[in-house]
K.L.:
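Just dropping this structure here.
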Number of protein chains: 2
Amino acid sequence: MPAPADSPWSDRPDADAERQAKRMAVLRMAARQFNENGFRATSMADVASALQVTKPTIYHYFASKDEILFECVRMGLAQIREGTARAAARGGTGLDRMQDLIHAYALAMTEDFGICVSRTGDAELSPASRAKFRALKREIDAILRGLIDEGIADGSIRAQDPQLAAFLVSGAINWIAHWYRPDGPKSRDEIAEGTVETLTRALSA
Amino acid sequence: MPAPADSPWSDRPDADAERQAKRMAVLRMAARQFNENGFRATSMADVASALQVTKPTIYHYFASKDEILFECVRMGLAQIREGTARAAARGGTGLDRMQDLIHAYALAMTEDFGICVSRTGDAELSPASRAKFRALKREIDAILRGLIDEGIADGSIRAQDPQLAAFLVSGAINWIAHWYRPDGPKSRDEIAEGTVETLTRALSA
DNA sequence: ACGCGACTTTACCAGCGGGTATACTGCCGA
DNA sequence: TCGGCAGTATACCCGCTGGTAAAGTCGCGT
């Protein structure tokens, strides 16, 4: 007897949501621990005990430690990509849109998954995951780089070497993930605003 | 029969130099491997075999893996400190000296030990080494931060939030270690020059 | 010639960490 | 009431890695 054509498997609509919520909880905790102690130094038992479950429970939701790390950075990259792409698609000069981009990017660098993106070295992922990771990062770099070129074209941005400028800007932003502390004196938004202000001066014509 | 009072132990003047050279070779190779594959992913056997010796040989020169990593970052930090301190001690406005500082710092980020400094997370060192590592980094931060303050005082530098500006500048520079490749299109000096140029625009009044 | 000490190696250990086999529990539909 | 299944736990395996013991080896001064 086949299930109704419109939804095989999904007898219960909320069961799937429950599972997704638990997956997410694992990712959040894992990202936090990775950020604090490093990926290799964090054992799956550490993550499990922090969630007050045991290792096999986590492996019920994920196939491997590598998959967990990759999902973490995928989350972070998705957020960055969304913010930067939205900024690039707006109206205004290249510099105007670059300011929005920097703001969104900097904000992402103060959240668990965003920090994970910045702190995760390529070598920590499996070859397969690493390839995907690099591809996603390249996409974001391309958006940033494209906006610099547009800004140069419309005269709002000046840069001797656009490629180098792109690296330096993304470096300043990425490094936020290395010093930001939630309990620090500056709020996330103050940091993002200040970053926009300083980097704008570096880029404006 | 005691050794001559002026130099106990040093019967052979070059024996010590030999030993130092070998220590250095271990450090260089270790730093290179740490940078390429990450500290935790690099085993002592890897380092040893790359030098065509065996593990105990390395442990004849160093007490632990932690000591090797710490010596690597100490080398890098010493180079950075030397360059930045020299720049800060020169004449000229704050901004003038800051340009020299950025140039020296950026150059250091394209060498094995400098890269190691930027890529090494605090969590990878033992508590004791970590404390020293942080202290040395703080020293360099203080030099950079001091120069910004002097530049603001003499009117050559403008920064809404000096602390944030210092973080962003050091971030842009530190990130060089994450993308620089010796076989890339730009020479070390071109990168350093370009970095100075872009960051100067971000800081100048 | 010889012994001493710096250096190097072979062989080994102990612990840890990713991942799994297996069995238990409780909930749902029939 | 019962079968099945998602989810969780206990106990375990095995390869790898930091680090070491002990046995050479080589070159030098005497």
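Below, chain A is the first sequence line, B the second, and so on; all start at residue 1.
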K.L.:
Would you indicate, yes or no, if C:dT8 has its OP1 or OP2 atom less than 4.0 angstrom from a side-chain nitrogen or oxygen of B:Tyr61?
P.N.:
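Result: yes.
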
K.L.:
Has B:Lys65 got its NZ or CZ under 6.0 Å from the middle of the six-membered ring of B:Tyr59, at an angle within 45 degrees of the ring axis?
P.N.:
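No, a cation-pi geometry is absent between B:Lys65 and B:Tyr59.
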
K.L.:
Hey, does the Lys NZ or Arg CZ of A:Lys132 hover above the aromatic six-ring of A:Phe70, less than 6.0 Å from the centre and inside 45° of the axis?
P.N.:
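So A:Lys132 does make the cation-pi contact.
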
K.L.:
Looking at DNA chain D, which of residues 62-74 of chain B put a heavy atom within less than 4.0 Å of it?
P.N.:
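Of all residues in residues 62-74 of chain B, the ones placing a heavy atom under 4.0 Å from DNA chain D are B:Ser64, B:Lys65.
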
K.L.:
Under 30°, 30 to 60°, or over 60°: which ring-plane class applies to B:Trp179 and A:Phe167, parallel, tilted or perpendicular?
P.N.:
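It falls in the parallel class, under 30°.
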
K.L.:
According to the interplanar angle, ranging from 0 to 90°, do the rings of B:His178 and A:His178 count as parallel (below 30°), tilted (30 to 60°) or perpendicular (above 60°)?
P.N.:
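It falls in the perpendicular class, over 60°.
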
K.L.:
In Å and rounded to the nearest 0.5 Å, what is the CD to CG distance from A:Gln99 to A:Leu101?
P.N.:
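Between atom CD of A:Gln99 and atom CG of A:Leu101 there are 11.0 Å.
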
K.L.:
Among residues 34-56 of chain B, which ones have heavy-atom contacts with DNA chain C below 4.0 Å?
P.N.:
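Here the set is B:Val53, B:Thr54, B:Pro56.
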
K.L.:
Let me know the distance between NE2 of B:His60 and C1' of D:dA22, rounded to the nearest Å.
P.N.:
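So the NE2-C1' distance, B:His60 to D:dA22, works out to 15 Å.
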
K.L.:
Would you mind listing every side-chain hydrogen bond (donor to acceptor under 3.5 Å, both in side chains) that reaches into residues 34-49 of chain A, with sequence neighbours excluded?
P.N.:
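For residues 34-49 of chain A: A:Ser43-A:Asp46.
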
K.L.:
Rounded off to whole Å, could you give me the OH-to-C1' distance for the B:Tyr59 and C:dC13 pair?
P.N.:
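Going from OH in B:Tyr59 over to C1' in C:dC13 covers 14 Å.
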
K.L.:
Nearest whole angstrom, please: distance from the C1' of D:dT8 to the CD1 of A:Ile58.
P.N.:
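Checked: the CD1 to C1' distance equals 12 Å.
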
K.L.:
Quick check for you: to the nearest 0.5 Å, what is the distance between A:Leu147 atom CG and A:Ile157 atom CD1?
P.N.:
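Between A:Leu147 CG and A:Ile157 CD1, I get 6.0 Å after rounding to 0.5 Å.
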
K.L.:
Do A:Leu69 and A:Ser129 pass the side-chain contact (heavy atoms from CB on, under 4.5 Å) test, and can you show the C-alpha distance, the side-chain angles, and the key distance before you say yes or no?
P.N.:
CA-CA 9 Å; A:Leu69 177 57; A:Ser129 302; over 6 Å; no

